[in-house]
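Structure record follows, encoded as structure tokens.
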Amino acid sequence: MADPKENVLMEKIVSLCKRRGFVFQSSEIYGGINGFWDYGPLGAELKRNVKELWWNTMTRMREDVAGLEATIIMSPKIWEASGHVATFSDPMIDCKTCKGRFRADQINDISCPQKPSKMVSECAGEKTAPRPFNLMLQTYVGPIQSEENIAYLRPETAQAIFAQFKNVLETSRQKVPFGIAQVGKAFRNEVTPRNFTFRSREFEQMELEFFIKPDEVVEAISGSVATPAAAGHPGEPQPNWGWQLWHQYWVEERVRFYEGIGLDRSTLGFHIQTPEELAHYARATTDILFKFPFSKVDEQGNVKGDELEGIAARSDFDLSQHERFSGKTMGIFDEELRTAWGKLPKEKQDDLWRRYYQARKNYLEKSGVKPEDAEKDATEDANGLAKGQYIPHVIEPSAGVDRLILALIANAFTEVTDTDDKGKSETRVVMKFHPRVAPVKAGVMPLLKNKPELVKKALAVRDLLRPWMNVYYDDAGSIGRRYARQDEAGTPYCVTVDFETLGEKPELLDTVTIRHRDDGKQERLAIGELRDWLLARGR
RNA sequence: GCGGGUGUAGCUCAAUGGUAGAGCGCUAGUCUUCCAAACUAGUUACGAGGGUUCGAUUCCCUUCACCCGCUCCA
């Protein structure tokens, strides 16, 4: 159970978010709508910075990732192939006596929580009729609201990447291993939206699908598959990496990303999914957690955290599903594999063939393909190896933007109590955002408002910086008040134009005061160096 | 979906079956040479709907939203 003190902290955060314009309740003037939140002026800047950093880190700064921006509404067949239509719409039965909720098709198999000796279907509790439970938001494409026009708002962005896999491969001049990145909105009719923006019905994801060679193909080309040597970052990608090393690599890459925007390892948690938790097609999933104020505390007082991102090794399940449902091949041709295969000794070929065949057969049988068809298809797939053909496997780092924003806000939130000369103490909030994500990079202000020369110079400094970063000009009230205002917005630096800037001391002509948010320290910097100084810290 | 709590100004909180108040913030002005200074003026609220009542922000019902616990979470 969360500590009551920490719920107070969460309330303070929510209240600050509204007061300063980070997050508002959606449709607030009409009483709000459950599970939907808006970003105000500061929140919008913060979110934009985070998405841009992710995009730059994951695509522009890498040779091996290409971007995609797909639609939110897609062919409903996508969601049949992905499994969402089936798993998202189980009819559910509620028991009015024990308050339990059960899948209608399982009431004969689940024991009653109150009378474990009986199955749910046999217990005396009064139950509702089965009700459809669909977690996908649904709409109609076209003006006619008929069954055949039903479409869904995507519950995840990933499926579009799989559906467009071949197009991206052909147009991006990439070769496996490579990834496709996408940032965008997704929608889920959550049963219980909770914890401020943490679980919302409309939210944004940053997803990478990183396609790799199946281990059998790596082995055919490189002779063997490298085994993970130690925990931590495995270094630059190598041709002999199988799914395990690629998975470890992406977990560590993602942790580096979080560290780079101010969430150090001590604020994060990790959850390695157990075999029982894993989806049947997944090989491994590591969740990166953040210790939120509302995160549960266990008996030992440890906080595990709540999920920011999951990094899943998903085998070739997704592409295989789309291959089966669309009838279009999702396999790729790899010249290197074909060449290498021809040089392998017969027993090696047979060994790899058998393993690939087995994996394909398992998948097909679990997907409900008739055994004789599964054997035939798996044979065909394994025969493809010799021709340089295979279906890529995938490592999926999938992050929630809004959850990360909330983590950054919670992490930045700091209360500072100052006592003035009269002994009056006052608590104020300092949002200690990393400069890279801070909504405003610099506050620009004249020391005094009633001196036109100071104002004019300060406005010139603002205009100098404005094309390069988000800056905020403020000349209202005392300088201390303006600093405090910027502290609450999380602005890392304030630039103050004073009389020395104007040449009161000739050696300080055209220099300004830089005031640091976190310790209040000041230093002097020439206006000519200002832009590069700020840019070096803010990106 | 169930149970409990909450809903008054931008924020924090008060009072009241009979015209709703404070602090902070915000805006304008005077002043101000570095950390929410002072003064003046201004600004804004009873979540929504219905009922009881001469009269409801206050009592009752419904609804919406938020928080906590349970449930759910591909």
Side-chain angles (χ1 to χ4, degrees), chain A residues 1-2 4 6-8 10-12 14-21 24-37 40 79 82-90 92-103 113 128 131 133-136 155-156 158-159 188-196 198-199 277-282 294 296 306-307 310 312 416 418 420-422 424 426-430 445-451 454 475-488 494 496-502 504 512-517 519-522:
Chain A
M1 194 186 294
E6 293 176 303
N7 298 332
V8 171
M10 206 53 219
E11 278 169 30
K12 285 179 179 174
V14 172
S15 147
L16 176 100
C17 280
K18 170 150 198 212
R19 182 155 48 86
R20 288 314 311 251
F24 304 130
Q25 204 178 1
S26 169
S27 319
E28 195 195 65
I29 59 167
Y30 292 103
I33 175 166
N34 191 312
F36 298 87
W37 300 89
W79 309 112
S82 70
H84 287 84
V85 170
T87 57
F88 264 49
S89 52
D90 299 317
M92 303 293 279
I93 288 175
D94 288 318
C95 176
K96 292 180 179 171
T97 306
C98 73
K99 314 298 182 199
R101 171 172 291 155
F102 312 97
R103 274 174 57 173
T128 63
R131 290 181 288 195
F133 222 72
N134 197 323
L135 264 42
M136 282 196 287
E156 63 174 32
Q159 293 305 321
R188 295 178 195 181
N189 246 330
E190 295 287 353
V191 177
T192 315
R194 269 297 160 86
N195 291 327
F196 198 28
F198 185 82
R199 179 172 292 146
E277 292 172 304
L278 284 174
H280 68 83
Y281 49 82
F294 52 76
K296 306 256 194 257
D306 287 282
E307 192 184 341
V416 180
D418 302 316
D420 65 14
D421 306 337
K422 297 163 205 147
K424 195 178 116 194
E426 197 170 52
T427 300
R428 57 197 184 85
V429 173
V430 180
M445 42 197 71
L447 184 58
L448 296 175
K449 184 189 185 179
N450 62 352
K451 298 284 185 290
L454 288 178
D475 62 12
S478 71
I479 191 76
R481 174 182 294 262
R482 284 178 262 156
Y483 287 154
R485 265 201 287 258
Q486 291 307 311
D487 286 347
E488 227 176 34
C494 283
T496 306
V497 171
D498 55 24
F499 294 95
E500 279 143 20
T501 312
L502 302 176
E504 194 172 74
V512 289
T513 302
I514 303 268
R515 180 261 188 187
H516 293 249
R517 175 193 65 203
D519 56 15
K521 292 221 172 73
Q522 302 195 346

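A, B, ... follow the sequence lines: proteins, then strands. Residue 1 opens every chain.
G1(B) atom P lies 13 Å from atom CG of Leu135(A), rounded to whole Å. Going from atom CZ of Arg20(A) over to atom C1' of C11(B) covers 12 Å, rounded to whole Å. When rounded to the nearest whole Å, the span between CD of Glu488(A) and P of G10(B) equals 17 Å. To the nearest angstrom, P of A36(B) lies 16 Å from CZ of Arg19(A). For Lys12(A) and C67(B), the NZ to C1' distance is 16 Å, given to the nearest whole Å. Residue Glu277(A) contributes atom CD, which lies 12 Å from atom P of C73(B) at whole-angstrom precision. Between Arg194(A) atom CZ and U71(B) atom P the separation is 12 Å, expressed in whole Å. For the pair Ile29(A) CD1 and C46(B) P, the interatomic distance rounds to 13 Å; values are reported in whole Å.
Mapping Ala484(A) and Tyr281(A) onto RNA chain B by nearest heavy atom places Ala484(A) at the nucleotide closer to the 5' end.
Within the 4.0 Å cut-off from OP1 or OP2 of G10(B), not a single side-chain nitrogen or oxygen of Lys18(A) is found.
Residue Arg428(A) is in base contact, counting any heavy-atom pair closer than 4.0 Å across all strands shown.
Taking atom P on both nucleotides, C11(B) is separated from C66(B) by 15 Å, rounded to a whole Å. Rounded to whole Å, the separation between the C1' atoms of G25(B) and C13(B) comes to 14 Å. Between U16(B) and C73(B), the two P atoms lie 48 Å apart (nearest whole Å). C59(B) and G7(B) are spaced 11 Å apart, taking the P atom of each and rounding to whole Å. When the C1' atom is used for both U30(B) and A37(B), the distance is 14 Å, rounded to whole Å. Comparing the C1' positions of U53(B) and G10(B) gives an interatomic distance of 35 Å, to the nearest angstrom. Straight-line distance between the C1' atoms of A45(B) and A22(B): roughly 14 Å, to the nearest whole Å. Of the C1' atoms belonging to C34(B) and G29(B), the separation is 23 Å, rounded to the nearest Å.
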Mind listing the N/O atom pairs, protein and nucleotides 60-66 of chain B, below 3.5 Å?
unit_1 : atom_1 : unit_2   : atom_2 : d
C64(B) : O2'    : Gly31(A) : O      : 3.4
A65(B) : OP1    : Asn34(A) : N      : 3.3
A65(B) : O4'    : Gly31(A) : O      : 2.9
A65(B) : O3'    : Gln25(A) : NE2    : 3.1
A65(B) : O2'    : Gln25(A) : NE2    : 2.4
C66(B) : OP2    : Asn34(A) : ND2    : 3.0

Could you list the protein-to-nucleotides 27-34 of chain B atom pairs, N/O on both sides, closer than 3.5 Å?
unit_1 : atom_1 : unit_2    : atom_2 : d
G29(B) : OP2    : Lys449(A) : NZ     : 3.4
U32(B) : OP2    : Asn450(A) : ND2    : 3.4
U32(B) : O4     : Lys449(A) : N      : 3.4
C34(B) : O2     : Tyr483(A) : OH     : 2.5
C34(B) : O2     : Gln522(A) : NE2    : 2.8
C34(B) : N4     : Asp498(A) : OD2    : 2.4
C34(B) : N4     : Thr513(A) : OG1    : 2.8

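Closest to the side chain of Thr192(A), from the set C73(B), G1(B), C11(B), is G1(B). Of the candidates C73(B), G69(B), U71(B), U71(B) carries the atom nearest the Val191(A) side chain, counting heavy atoms from C-beta on.
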Checklist entry - Which dot-bracket string fits RNA chain B when only Watson-Crick or G-U wobble pairs with both atom distances under 3.5 Å count, crossing pairs get [ ], and | stands for a partner on a different strand? => result (((((((..((((....[..))))((((((.......))))))...(((((..]....))))))))))))....

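The heavy-atom pair separating Gln159(A) from Trp79(A) by the smallest distance is CG-CZ3, 3.4 Å. Shown here for Arg482(A) and Ala476(A), the closest heavy-atom pair between the two residues is CG-O, 3.2 Å.
Checked options Val512(A), Thr513(A), Leu447(A); the residue passing with Val497(A) is Val512(A) (criterion: side chain to side chain contact (heavy atoms under 4.5 Å, CB included)).
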Next on the checklist: Assess the residue pair His516(A) and Ile514(A) against the criterion (side-chain contact (heavy atoms from CB on, under 4.5 Å)); give the C-alpha distance rounded to whole Å, side-chain angles, the decisive distance to 0.1 Å, and a yes or no.
Outcome noted: CA-CA 7 Å; His516(A) 293 249; Ile514(A) 303 268; 4.1 Å; yes

Next on the checklist: The test is side-chain contact (heavy atoms from CB on, under 4.5 Å); show your working for Lys451(A) and Phe499(A) and say whether it passes.
Outcome noted: CA-CA 10 Å; Lys451(A) 298 284 185 290; Phe499(A) 294 95; 3.9 Å; yes

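In this structure, the side chain of Asn195(A) does not engage the main chain of Phe198(A) through any donor-acceptor pair within 3.5 Å.
No hydrogens or angles were tested; on distance alone, nothing pairs the side chain of Arg481(A) with the base of G25(B) as donor and acceptor under 3.5 Å.
With contacts defined as side-chain heavy-atom distances shorter than 4.5 Å, the pair Val430(A)/Glu488(A) does not qualify. Proximity of Phe294(A) to Phe196(A): side-chain heavy atoms (C-beta onward) are nowhere separated by under 4.5 Å.
Of the charged side-chain nitrogens involved, at least one lies within less than 4.0 Å of a carboxylate oxygen, so that Asp487(A) and Arg515(A) count as a salt-bridged pair.
Within the model, atoms CZ of Arg194(A) and CZ of Arg199(A) stand 9.0 Å from one another, a figure rounded to the nearest 0.5 Å. Distance SG/Cys494(A) to CZ/Arg485(A): 10.5 Å, rounded to 0.5 Å.
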